[in-house]
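To keep things clear, I will list the structure first and then write my remarks on it.
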There are 2 protein chains.
Amino acid sequence: MARERKFSTDELFQATKELLLSHGYEAFTFSLLADSLQVSRGALYKYYENKEELITNYYFYEMDQYLLKLKQIDLHQGFEAQFNYLLNLMFSYSDIQKLIKIGQRVPDHEEKFKTLHTDMYQYLQDFVELGKKEGKLKRDLPNNLILGYIFQSVAIPNHADIPHPVWVSSIKEIICHGMFINN
Amino acid sequence: MARERKFSTDELFQATKELLLSHGYEAFTFSLLADSLQVSRGALYKYYENKEELITNYYFYEMDQYLLKLKQIDLHQGFEAQFNYLLNLMFSYSDIQKLIKIGQRVPDHEEKFKTLHTDMYQYLQDFVELGKKEGKLKRDLPNNLILGYIFQSVAIPNHADIPHPVWVSSIKEIICHGMFINN
DNA sequence: CCTTAAAGTGACATGAGTGTCACTTTTGAA
DNA sequence: TTCAAAAGTGACACTCATGTCACTTTAAGG
């Protein structure tokens, strides 16, 4: 009954992601997106009323996928295994941290994004509590700081091009045991 | 001989800083800046040809001040004292990290900003090396990771509103000895 | 008092993104 | 074959930031 679409929702979101990462929120335009999808600008308005609505939708799509991955942490037994899983996840989805920062710029939606962020942290409280119960994590550290450190570590710029495996194991070393030599 | 200026360079840079932090690079406009200074847009063009030139100038001004503070690290004797000085500096100038990120968006100047960033790191190599020589810092950790880790820590969002002193001492604990209990 | 240089103003042309809409194209079902 | 629903197009009116420029205002020196 209807004509075939020139682009799928997945393609649209993929293009949105690339443009958001390369241009930022303010410089992201429907023109750019239309060009990238080789479609007219008007066509996009058939699906989304404006850039804000599009990006909000895209974010929920992206975050759903991410949370799904995050929830798989429960498939791992014991804190140590969960910790390793989480750290690897961070590195394979390192774009997400950048996207979250960009997403906080969407007007009127700072609240929504803050909530999403908080939810994510909330969800991982169990993981941190497990670590504390198992006597692995220091009890006096705020849970949110522990999570913040794990999330932020993927954002440290590797300007000196240290080989990835060395970089990752060094980060793990610092997170777990710090940069100071014990005495 | 000349008419009195309605705003000083310091006022202009202060307003620029506030607008950059609140609106980001792409949404920063001469109109906004002119309004903020209660001056006509045209007046700004007497001093800077465009937004890029203005922001570049502002950045060099800001970074000069910051580097000056950074260099005062040498006034402290021994690694431990320097480490404490650096950490306090990070927290009192926490806007700088955000500004650096925003600055990386200025077109054609990513190179310049990357250089500036690298220079800053370069300048602190001595500090890290001192820590390693004094047997305080783990020798096998890449210097840039140690610095990056210290810089990033001020960017961790304190959504749960942990009291500042607790927050800071917890961060120091993690940086120095990690989040794991030793066994 | 008058001149002059710098500061500041406001209007103009330009270019780009926005949102809309009448119109065309495609497609499958009747 | 026809036709209706959904996809897609491109032009239009609108808004807003940009950069320029002729003009006005100010203030100090001659």
Side-chain angles (χ1 to χ4, degrees), chain A residues 1-59 61 99 102-110, chain B residues 1-59 61 99 102-110:
Chain A
M1 231 174 192
R3 183 174 165 177
E4 197 185 0
R5 281 184 58 168
K6 292 179 79 178
F7 58 92
S8 68
T9 304
D10 270 3
E11 284 168 339
L12 185 143
F13 284 165
Q14 186 56 37
T16 301
K17 175 179 182 173
E18 281 162 18
L19 292 174
L20 276 178
L21 285 172
S22 58
H23 291 71
Y25 173 72
E26 279 83 5
F28 176 95
T29 66
F30 266 35
S31 305
L32 269 176
L33 184 56
D35 283 355
S36 160
L37 291 168
Q38 302 198 61
V39 93
S40 78
R41 209 166 43 80
L44 297 176
Y45 284 93
K46 286 275 154 73
Y47 304 96
Y48 302 95
E49 288 194 355
N50 51 48
K51 136 177 161 177
E52 199 176 305
E53 195 196 311
L54 161 71
I55 292 184
T56 302
N57 270 62
Y58 159 65
Y59 265 85
Y61 159 91
L99 284 169
I102 294 171
Q104 286 167 347
R105 305 212 68 81
V106 184
D108 302 327
H109 287 258
E110 305 109 47
Chain B
M1 229 170 192
R3 184 175 166 177
E4 197 183 0
R5 280 184 58 167
K6 291 179 78 178
F7 58 92
S8 67
T9 304
D10 270 3
E11 285 168 339
L12 184 144
F13 283 163
Q14 187 54 39
T16 300
K17 175 180 182 171
E18 280 161 19
L19 292 174
L20 275 178
L21 284 171
S22 59
H23 291 71
Y25 172 72
E26 341 285 350
F28 175 96
T29 66
F30 266 35
S31 305
L32 269 175
L33 184 56
D35 283 356
S36 162
L37 291 169
Q38 302 198 62
V39 94
S40 77
R41 211 164 42 78
L44 297 176
Y45 284 93
K46 285 275 153 75
Y47 303 97
Y48 302 96
E49 287 195 354
N50 51 49
K51 138 177 160 176
E52 199 177 306
E53 194 196 310
L54 161 72
I55 292 183
T56 303
N57 270 61
Y58 160 65
Y59 264 84
Y61 158 92
L99 284 170
I102 295 171
Q104 287 166 348
R105 304 211 68 81
V106 183
D108 302 328
H109 287 258
E110 305 110 46

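Quick note on labels: first sequence line is chain A, next is B, and so on, each numbered from 1.
- Here the P atom of nucleotide dT18(D) and the CG atom of Leu54(B) are 11 Å apart, to the nearest Å.
- In this structure, of dG8(D), dT18(D), dT9(C), it is dT18(D) that holds the atom nearest to the side chain of Ser31(B).
- Annotation: of the two residues near DNA chain D, Asn50(B) and Lys46(B), the 5′-most nearest-nucleotide partner is Asn50(B).
- Closest non-hydrogen pair, Glu26(A) versus Glu26(B), comes out as CB-CB, 3.1 Å.
- Looking at Arg5(A), its side chain has no donor and acceptor atom pair within 3.5 Å of the base of dG8(D).
- Nearest to the side-chain atoms of Ser40(B) among the listed nucleotides dT18(D), dT9(C), dT9(D) stands dT9(C).
- Atom pair Phe30(A):CZ and dG10(D):C1' shows a separation of 17 Å (rounding to whole Å applied).
- Scanning atom types as modelled, one donor and one acceptor separated by under 3.5 angstrom connect the side chain of Arg41(A) and the base of dG19(C).
- To the nearest 0.5 angstrom, Tyr25(A) atom OH is 5.0 Å from Lys51(A) atom NZ.
- Rounding to whole angstrom units, CG of residue Leu33(B) and P of dG19(D) are separated by 13 Å.
- Interatomic distance, Tyr45(A) OH to Phe30(A) CZ, rounded to the nearest 0.5 Å: 5.0 Å.
- Between atom OG of residue Ser40(B) and atom NZ of residue Lys6(B) there is a gap of 7.5 Å, rounded to the nearest 0.5 Å.
- Between the side chain of Lys51(A) and the base of dG17(C) there is no donor-acceptor pair of N/O atoms closer than 3.5 Å.
- Taken from OG1 in Thr16(B) to OH in Tyr59(B), the straight-line distance is 10.5 Å, to the nearest 0.5 Å.
- Here the C1' atom of nucleotide dC12(D) and the OH atom of Tyr45(A) are 14 Å apart, to the nearest Å.
- Between Leu32(B) atom CG and dC16(D) atom C1' the separation is 11 Å, expressed in whole Å.
- For the residue pair Asp10(B)/Tyr61(B), the side-chain donor-acceptor check at 3.5 Å is satisfied.
- Put simply, CG on Asp35(A) is 13 Å from P on dA16(C), counting in whole angstrom units.
- Between Phe7(B) and Tyr47(B), the ring planes are perpendicular. Angles over 60° get that label, and only those under 30° would be called parallel.
- Contact annotation for Thr29(A): backbone-only contact, meaning every heavy-atom pair under 4.0 Å involves sugar-phosphate atoms and none involves a base.
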Between N or O atoms, less than 3.5 Å apart, protein on one side and nucleotides 25-30 of chain C on the other: list the pairs.
from    : atom 1 : to      : atom 2 : distance (Å)
dT25(C) : O2     : Arg3(A) : NH1    : 3.0
dT27(C) : O2     : Met1(A) : O      : 2.9
dG28(C) : O4'    : Met1(A) : N      : 2.4

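- Per the geometry, CD belonging to Gln38(B) stands 13 Å off P belonging to dG10(C), to the nearest Å.
- Residue Tyr47(A) places at least one side-chain N or O under 4.0 Å from the OP1 or OP2 atom of dA7(D).
- Atom CD in Glu26(A) sits roughly 12 Å away from atom P in dT18(C) (whole-Å rounding).
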